[in-house]
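Right, one structure below, let's go through it.
Labels below follow one simple rule: chain letters A, B, ... track the order of the sequence lines, proteins then strands, and each chain is numbered from 1. The shown structure was predicted, so the numbers you read here are calculated from the model rather than taken from an experiment.
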Amino acid sequence: MAIYHLKTPISEGEIRKLKVNDVIYITGTIVTARDQAHRRAIEYFKQGKPLPINLEGLAVFHCGPVVSKEGEKWVALAAGPTTSTRMDIFEDEFIKNFKVRVVIGKGGMGKRTTDAMAKYGAIYGAFTGGAAILAAKAIKNVKGVEWLDLGTPEALWIFEVEDFGPLTVAIDSHGNNLFMDVAKTVEENRKRIYEKLGLQP
Amino acid sequence: MEIAKLVEDVAFNLLKQAVIYLPEDVKEALKKAYAEETSETGKTQLKAILDNIELAEKYMAPVCQDTGTIIFYVQAGAKVKNLDKIEEALVKATRRATKEIPLRPNAVDPLTQKNSGDNTGRFIPYINWEIVPGDSLELTVMPKGGGSENVCLTGMLVPGEGINILKKFVIEAVINAGAQPCPPTILGVAMGGGADIAMKIAKKALLRPLDQPNPNPEIAKLERELYEAANMTGIGPMGLGGKTTVLGVHVEYAFRHPASFPAAVAFNCWAARRATARIYSDGTVEYLTHKSLV
Ligand code: SF4
């Protein structure tokens with residue numbers, strides 16, 4: 001397990017160095033996107049419309065933050081990750097079209113995303129579920145918000161972050177998926193547990 | 001002071017205590033898990049949780065952004081007057097807490113998908129009533145997170161197979177839940193009663209402090225056995241691998257119908273929030289879970 005501090009825009013070379021279980025901290029720009037923002041972004045791409053922000057080399061964060069407006073300025077009060085599996089149906093296209101290098105969320109993603117990450121050079125960074133204050137404190141500035149018509153949790157929030165993390169590399173760009181590895185271990189352990197408790201499979 | 005206003009103020013304070021400060025037993029269990037976790041990745045997760053807890057206390061902000069569905073448990077002394085005013089007081093406290101703390105609005109009409117915006121709605125906050133002897137009133141709040149609620153499970157098991165069928169049910173529930181409920185979790189397990197009764201007592205078991213095993217030694221043994229088995233799965237903190245999958249298992253039971261074996265597993269995430277206070281007949285209030293704060 002190695003620890004890396006990365007600055008956006010992140011290059012493909014930097015991503016290829018990372019392996020599952022490594023820990024990264026990001027400084028620079030991360031952008032939130034949940035189901036609806038993913039869907040709209042992909043529609044925009046199909047129609048040849050540019051996104052309001054160029055995501056190349058940036059990190060996309062599965063998060064519906066709690067924000068408040070103080071005067072003219074938005075402040076992120078809580079910004080924990082949401083469950084990433086809901087974005088599994090969009091993420092391969094998203095990575096391919098917009099060249100994001102890091103996807104941040106909780107709970108992991110499936111094979112389709114893992115394959116896209118290997119092909120295009122991206123990783124999945126697991127942020128600790130529920131650790132909303134830890135995340136919010138790393139957000140130094142809300143640089144902007146787009147697509148607010150989708151509602152605050154679904155909008156694209158553009159955050160300027162400093163040492164945002166720890167993010168555990170749970171899918172690397174070499175086809176490894178920590179959640180799938182854990183699932184395999186759990187399968188083996190299930191047998192041991194059944195034996196110990198004297199249960200019939 | 002009249003009881004309605006007093007209950008409203010106490011319930012507001014309890015909500016605030018609960019969402020910001022985790023109970024001592026939960027914090028202790030997380031610290032112990034951090035010290036004992038052997039997976040480096042698991043340790044990283046537990047460290048992030050502990051750091052987050054500290055920051056929440058420092059900035060007096062909710063420890064998790066999902067402040068959950070608001071559930072109250074009321075133990076009302078039979079001699080307490082104006083019990084009919086309490087429900088309204090709890091609803092008011094919930095509205096106030098949502099606005100002032102603030103809490104995330106989490107009450108959605110399932111028919112129209114509209115969020116009420118203030119954490120109240122039909123049956124919400126949900127109030128579990130119990131009438132007990134005496135003239136004091138004990139109030140408990142459990143802000144219950146959605147991620148851990150989504151994996152709660154009831155089952156009508158086959159009675160002929162005995163207690164082993166329950167063990168299997170619990171282990172499978174933990175394995176299927178995986179990373180979803182933000183492990184390490186706390187499990188409330190119940191057997192007997194009926195489908196609704198099992199879940200009700202399983203969920204209530206989540207209120208029991210982690211350092212209190214069931215007073216029945218046979219049940220306490222079952223709790224230990226399930227705890228060890230759940231931690232053998234290797235799911236680990238946040239499902240990223242490790243030996244800390246659960247912080248504790250609380251088992252409760254009710255007698256069952258000869259032809260039924262109802263079982264329930266209620267999950268609480270690491271953000272296992274609860275707060276309790278007792279209001280005495282002379283109007284004095286004793287905060288029981290968050291003593292150091294008052
Ligand atoms: S499961 Fe619990 S810790 Fe995780 S996000 Fe939901 S409320 Fe927070």
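Proximity to chain A is limited to the side chain of B:I171, based on heavy atoms less than 4.5 angstrom apart. Heavy-atom distances place the side chain of A:V23, and not its backbone, under 4.5 Å from chain B. Of the two parts of B:P237, neither the backbone nor the side chain holds a non-hydrogen atom closer than 4.5 Å to a non-hydrogen atom of chain A. Using a 4.5 Å cut-off between heavy atoms, A:L178 contacts chain B through its side chain alone, with no backbone atom that close. Proximity to chain B (any heavy atom under 4.5 Å) is shown, for A:E188, by neither the backbone nor the side chain. Neither the backbone nor the side chain of A:T83 comes within contact range of chain B; no heavy atoms are under 4.5 Å apart. For B:A56, the parts lying near chain A are the backbone and the side chain together; criterion is any non-hydrogen pair under 4.5 Å.
Distance check: A:M1 CE to B:K43 NZ gives 11.0 Å after rounding to the nearest 0.5 Å. The distance from the CD atom of B:E40 to the CG atom of A:D22 is 10.0 Å, given to the nearest 0.5 Å. Note that CG of A:L167 and OG1 of B:T44 are 11.0 Å apart. Values are rounded to the nearest 0.5 Å.
By the 6.0 Å contact criterion, CD on B:E172 is enclosed, its count of non-hydrogen atoms from other residues, nucleotides or ligands being greater than 12. With a 6.0 Å radius and a threshold of 12 heavy atoms from other residues, nucleotides or ligands, A:K140 has its NZ atom above the threshold. With a 6.0 Å radius and a threshold of 12 heavy atoms from other residues, nucleotides or ligands, B:Y253 has its OH atom at or below the threshold. The environment of A:Q47 atom CD is dense: over 12 non-hydrogen atoms of other residues, nucleotides or ligands sit within 6.0 angstrom. Counted within 6.0 Å of NZ on A:K96, heavy atoms from surrounding residues, nucleotides or ligands total 12 or fewer; the atom is thus considered open. Within a 6.0 Å sphere centred on NZ of B:K27, heavy atoms belonging to other residues, nucleotides or ligands number more than 12. Remark: B:R96 CZ is packed, more than 12 non-hydrogen atoms of other residues, nucleotides or ligands lying under 6.0 Å away.
At a cut-off of 3.5 Å, with distance as the only test, a side-chain donor of B:Q45 or A:T168 sits close to an acceptor on the other residue. Of the N and O atoms on the side chains of B:T233 and A:N189, not one donor lies less than 3.5 Å from an acceptor on the other residue.
With B:K168 contributing its side chain and A:Y194 its backbone, the two residues share no donor-acceptor pair below 3.5 Å. Side chain of B:W270 to main chain of A:G129: a donor-acceptor pair is present (N/O by atom type, distance under 3.5 Å, no hydrogens or angles).
The minimum heavy-atom distance linking B:N164 with A:G198 is given by the pair ND2-O, 3.3 Å. Residues A:K106 and B:Q180 come closest through the heavy atom pair NZ-O, 4.2 Å. Nearest heavy atoms, B:A48 versus A:T128: CB-OG1, 3.3 Å. For B:C182 against A:G130, the heavy-atom pair with the smallest separation is SG-N, 4.4 Å.
Taking non-hydrogen atoms and a 4.5 Å limit, the residue list of residues 53-82 of chain A in contact with chain B, ordered by number, reads A:V66, A:A78, A:G80, A:P81.
In this structure, A:K137 forms a cation-pi arrangement with B:Y59, its terminal cationic atom sitting closer than 6.0 Å to the ring centre and no more than 45° off the ring axis.
A salt bridge is defined here as a Lys NZ or Arg NE, NH1 or NH2 lying under 4.0 Å from an Asp or Glu carboxylate O, and B:E225 with A:K196 fails to meet this definition.
No side-chain heavy atom of A:V182 sits less than 4.5 Å from a side-chain heavy atom of B:L240. Side-chain contact check for A:R190 versus B:I175: some heavy-atom pair is nearer than 4.5 Å. Residues B:E54 and A:I133 are not in side-chain contact: their nearest non-hydrogen atoms beyond the backbone lie 4.5 Å or more apart.
Ranked by heavy-atom pairs shorter than 4.5 Å toward chain A, the options B:G241, B:A229, B:A179 are led by B:A229. By number of non-hydrogen pairs under 4.5 angstrom with chain B, the leading residue of A:D181, A:V20, A:L197 is A:L197.
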